[in-house]
2 protein chains.
Amino acid sequence: MKKKQIKLKDIADALHLSVPTVSRALRDSYEISQETKKAVVELARAMNYKPNLLAVGLRKNKTFKVGVIIPSLWYYYNSAAVTGMEEVLEEHGYSVMICQSKESYNREVIQVRNLIDSRVDGILVSISQSTIKYDHFIDAQEEGIPVIFFDRAPSYEGASKVVIDNKLAAKSAIHHLFKKGRKRIVFIAGPEKLRISKTRYEGYLEAYKEHGLEPDENLIINCNFTKNMGYRATKSFLRKNIDIDGLFAINDRTCIGAVAAVQEAGLKIPQDVAVVGFNDEPTVQYLTPPLTTIRQPAYEIGMEAAKLFLKERNADTGQFTPTKLILETELIVRESS
Amino acid sequence: MKKKQIKLKDIADALHLSVPTVSRALRDSYEISQETKKAVVELARAMNYKPNLLAVGLRKNKTFKVGVIIPSLWYYYNSAAVTGMEEVLEEHGYSVMICQSKESYNREVIQVRNLIDSRVDGILVSISQSTIKYDHFIDAQEEGIPVIFFDRAPSYEGASKVVIDNKLAAKSAIHHLFKKGRKRIVFIAGPEKLRISKTRYEGYLEAYKEHGLEPDENLIINCNFTKNMGYRATKSFLRKNIDIDGLFAINDRTCIGAVAAVQEAGLKIPQDVAVVGFNDEPTVQYLTPPLTTIRQPAYEIGMEAAKLFLKERNADTGQFTPTKLILETELIVRESS
DNA sequence: TATATTTGCGTAATCGATTACGTAAATAGA
DNA sequence: TCTATTTACGTAATCGATTACGCAAATATA
């Protein structure tokens, strides 16, 4: 039943050659005669020889594997980014190891550690909500493994990043709502610690300033990244009977929950409350009403992050300067605003 | 800058011991004295020693990595299944390598090949739409790598599977619609070749038979697994002006597209057309109207598949009998029906 | 006291590939 | 014709760990 994996020795024995000769023949070394190469290559094909990647990796200290750490596969833009990376990396012979941090700093640390021990050639990360220390990434870099941040990047400046301009994106959403005549815009912010959350909040504030209005702190809701939290937080907010006419949520999931809460309260969207989400997840155009939202080029972010890795994989770790790429977002206007 | 990875030899040299002694001490072998063990373990901690997993894997012929192949991360139930697997496998020290076949047979073959070459300890697969040959899986099994199918399993009987009873699930949906007084139920089937598509169709037919009604072949729409295809296929179907009062779609995404088409045609849901989807994706409860659908225990499917792997990883390949697990689905009734 | 056994460790071989180095035979140059 | 250089391999070392085996010293048994 159990067929043995063919190894170089099997080919060598069959052709009365030595193992290194076979190895060199397969890699088309100049030291090997044409006839020998031909014989080896043909037999290797016939026997369906495939190199043991563990042995190759051990010897060459290169595995052609890249680790990707994302908060969760549930997030549409995370999956999209991963898919973009694969697109680029596969072409260069790399395969991708995906890890979910599930927004846990501890898991993230363990995963980075495991990727290092597995000797991946690079690590691409979108950090978890709870990540505040970056030692694990520095460890990886010190082992000579390039680290690239994408989407959620830390303040740490020692590594390249691919991000969007969160402040600008938030501003564009708020200005859009101003244009629709809204002035009292609820902002459903994400988890307070998260950087993108803060930055989008800054955008919110700046937009108010630019428009000559005073922002009202009572309009800010902090909650987690889930529909349910969005629903509950909005529900309890609405009970306070604060006057509102617009709503901007840090992401579409939270927004969906918020919309449900608003509608349950008898308010009409967009007539009473105009709503803008973030991410343009696939289903939001089919909601009632279809959601206005900010499209983030997740797939492209993934591709760019992968390209940065390809650039940095051979860089001399001594004097390399991290790159920071900022990709553009797009406001998709639909009927909710 | 580049700190060297600590290896056994570094510890051995520092303590004037041999490499095997250090190795044994770390694995708590009975052949090593207590004092030596203590010294080794402490120094290993202090130096932050981590074994090179490539070397360990090569020597032990065991990598503690499991390959998972899914059609796409976009599919909610695929991500859910993967998450369930990780839950189980992590506890046993395995990490997971995720590959997306993107519904391509060729990609699937390459990925299986790559997983074999990477010497994973097992492969868990949900096959692609276009997979009709199973030689690549048989190859893996012949190399001694257990293969477990989940969700989408082939007819091939030589491996264990974890699936749902697609026929029964479809029947329950149709009977539910009958109970609501519907008789002319459109079935939006998936790709014709796909097994789950056929099986759900059988369920559709059987339900009709059990209810004493004659199914109408004109009510069947074959199309791909995407919103857009669901939308377009339904749109062109509705142009034929065939009389309908119910709709059952092979999955929620297709269903969302179909619902959009139905609503655009001026038909009311559920009054004119009662609708049932499949999968209970997270957003469908927020559609207008919220979608009735069949919940598939994707997370549990993943967990069970992982458990089967754990059971089979040490089995004697000679006389092992494949297991077939069938998990229960649940009809979630909402306002669309 | 003499032999048997255990304890604790080292040496050598191994996993499957790659690379440094050596060398006989074939060819080239003087 | 004799030396210099290629050509085309083979041998040995290496990557970092694990395992088989051997062996001296310490302890136990007779």
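Proteins get letters first, then strands, A, B, ... in listed order; numbering begins at 1 in each.
Taking the 5' to 3' direction, DNA chain D first and last meets chain A under 4.0 angstrom from a heavy atom at D:dA8 to D:dG16.
Side-chain N/O atoms of A:S101 and A:S104 include no donor and acceptor closer than 3.5 Å. Remark: the B:E103 side chain and the B:S130 side chain contain no N/O donor-acceptor pair separated by less than 3.5 Å. Donor-acceptor pairing under 3.5 Å is recorded for the side chains of A:E87 and A:Y299. If you check the side chains of B:T83 and A:Q100, you find a donor sitting under 3.5 Å from an acceptor.
Sorted by residue number, the members of residues 27-37 of chain B with any non-hydrogen atom under 4.0 Å from DNA chain C read B:E31, B:I32, B:S33, B:T36.
Residues forming a salt bridge (Lys or Arg N to Asp or Glu O under 4.0 Å) with B:K9 (at least two apart in sequence, or on another chain): B:D13.
Among residues at least two apart or in separate chains, salt bridge (charged side-chain N to carboxylate O under 4.0 Å, His left out) pairs with a member in residues 113-123 of chain A are A:R113-A:D117. Applying the salt bridge (charged side-chain N to carboxylate O under 4.0 Å, His left out) test to every pair with at least one member in residues 43-66 of chain A, sequence neighbours left out, gives no pairs at all.
Classification of the B:F137-B:F149 ring pair by plane angle, with boundaries at 30° and 60°, yields perpendicular.
Protein atom CG of B:L8 is 13 Å distant from nucleotide atom P of C:dG10, rounded to whole Å.
For B:T21 and C:dC9, the shortest distance from a side-chain N or O to OP1 or OP2 is not below 4.0 Å.
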Quick one, A:F309 with A:Y94, criterion ring pair (Phe, Tyr, Trp, His ring centres under 6.0 Å). Give me CA distance, side-chain angles, the key distance, then yes/no.
CA-CA 11 Å; A:F309 157 72; A:Y94 288 91; 5.2 Å; yes

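In this structure, the helix from C:dT1-D:dA30 to C:dA30-D:dT1 shows an angle of 50° between the axis at its start and the axis at its end, each fitted on 5 base pairs and rounded to 10°.
Across all strands, A:L54 comes closer than 4.0 Å to no nucleic acid atom at all (heavy-atom distances).
Salt bridge status for B:E35 with B:K38: absent, with no side-chain N to carboxylate O gap under 4.0 Å.
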